[in-house]
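Counting convention: from 1, in listed order, for ligands and their atoms alike. Position 1 is the first residue of the sequence; numbering continues from there.
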Amino acid sequence: MMDIPSADHASRLAVDLRSDTVTRPTPEMLARMLTAELGDDGLEGDPTVGALEAGAASMLGKEASLFVPSCTMANLLAVLAQAPRHEQLVLESSAHMYTSERGAATLTGVFYLGVPGQGGAMDTGVLQETLAGGGHKLRSALVAMETSHNNAGGTVLPLDHMRSVSDLARQYGAAVHLDGARLCNAAVALDVPPSEIARHADTVSLCLSKGLSAPVGAVLAGTRALVARARVLRRMVGGTQRQAGVVAAAGLVAIDAMRARLAEDHARARNLSAALNALGGPLLASEPQTNIVQVDVRATGRDSAFWVAALEGAGLRVRPWGAQRLRCVTHRHIDDASIDQAVAAFDAVARSLSRAAAGQP
Ligand SMILES: *Cc1c(COP(=O)(O)O)cnc(C)c1O
């Protein structure tokens, strides 16, 4: 049989640090998908989806969970299930649910209110004032946290912060949702089981298709009653899937076998950051707590769009994170040699910039 290179063959030869979402299913996932027992998840239920939902609930220490196509949908259902229209959702102002998902307000009728934070952790003083409300202010029905925190550079919320937020929410009658798209990265970084983090929230979402490498899917976990409500709402937004066991089979491998290796991604992110800072040039790399490194390019005199294009030319793919920063995410397809290649690409672009500045060819 002829080996036909795929259309993106060249781009797949590059080191791809754009996101951990680029991870492909593992051979074990593909094998489980082929032999998965199937049903109709919109009728009697799909047994493989059922097994994933039970496994994820148990891992997260919740009564039940619901398989959904994406973590965005898991977060949307958490809002729909817990916040009535014209009430508000309070969250840290750089949270993914705020910066990237608050268009959901057009569906939910819930107002999203951002609270300033440090390292992804809300200022609890401002949170308390907000929740106390009063006068003619909107009632806060829901508080959301995020860990690890994407825009804060993969930072992990301290557990005592999570407890304080959860206590405050309870005190003012608000429910708590945790956007745990990368919850397993946070658990590995804190060296605790995921349930130790999830216990500080009523509902928790978890993305199966980031570092955990499943091709698609996420779960929303909580009490049996809440998950039953979310199941009805999932049908309303078109998230009910039929022989979904084909992909849930990969999700089962994701939660059973893919968590422990995330520590490798974190170690490589630390190596990448240290090597970039050791170049001694104008690049400033963040010190990662998990698998995300942000690289500040401000002092290079070029913006993130320039750097993304120049690095791509040097065989490295990263994403712009604002005008002056890049985001690099380590994952299963990044080995030690990839980190060396990434550092070499940054070095090559930085050197060409300093030669240009010195008027040398
Ligand atoms: C990626 C991400 C999401 C959305 O996940 P999808 O599965 O891509 O919809 C939500 N929250 C955070 C923090 C994320 O990083």
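- Those atoms of ligand 1 that come under 4.0 Å of a heavy atom in Cys207, given as number and element, are 7 (O).
- Using a 4.0 Å cut-off between charged side-chain N and carboxylate O, Asp167 and Arg170 make a salt bridge.
- Below 4.0 Å from some heavy atom of Arg182 lie the following atoms of ligand 1, by number and element: 15 (O).
- Each of the atoms 10 (C) of ligand 1 lies under 4.0 Å from some heavy atom of Asn75.
- The single protein non-hydrogen atom nearest to atom 7 (O) of ligand 1 is Cys71 N, 2.9 Å, given as residue, atom name and distance.
- The proximity of Met97 to ligand 1, defined as any non-hydrogen pair under 4.0 Å, does not occur for either the backbone or the side chain.
- At a heavy-atom cutoff of 4.0 Å, ligand 1 is contacted by the side chain of Asp179 but not by its backbone.
- His333 and Asp16 share no side-chain donor-acceptor pair at under 3.5 Å.
- Looking at His149 against ligand 1, nothing comes within 4.0 Å, counting heavy atoms.
- Of the protein's non-hydrogen atoms, the one nearest atom 9 (O) of ligand 1 is Thr72 OG1, 2.6 Å.
- The shortest distance between side-chain heavy atoms of Asn150 and Arg182 falls below 4.5 Å.
- Under the 4.0 Å criterion applied to side-chain N and carboxylate O atoms, Arg261 and Asp265 are assigned as salt-bridge partners.
- Gln88 has its side chain out of reach of Lys137: every pair of non-hydrogen atoms, C-beta onward, lies at least 4.5 Å apart.
- Contact between Val308 and Arg319 at its shortest, heavy atoms only, is CG2-C, 4.1 Å.
- In this structure, Met73 does not count as a contact residue of ligand 1, since none of its heavy atoms falls inside 4.0 Å of the ligand.
- Taking a 4.0 Å cut-off on heavy atoms, Glu101 registers as neighbouring ligand 1.
- Surrounding CZ of Arg351 are at most 12 heavy atoms belonging to other residues, nucleotides or ligands under 6.0 Å away.
- For atom 13 (C) of ligand 1, the closest heavy atom belonging to the protein is Glu146 OE2, 3.1 Å.
- Checked by atom type, the side-chain pair Asn75/Thr72 shows no donor-acceptor distance below 3.5 Å.
- Inclusion of Lys210 in the set of residues having an N or O under 3.5 Å from an N or O of ligand 1 is warranted.
- A salt bridge between Arg234 and Asp41 is present, with a side-chain N of the basic residue lying under 4.0 Å from a carboxylate O of the acidic one.
- For Ala218, the heavy-atom gap to ligand 1 stays at 4.0 angstrom or more.
- Counting heavy atoms under 4.0 Å from ligand 1, residue Thr21 does not touch it at all.
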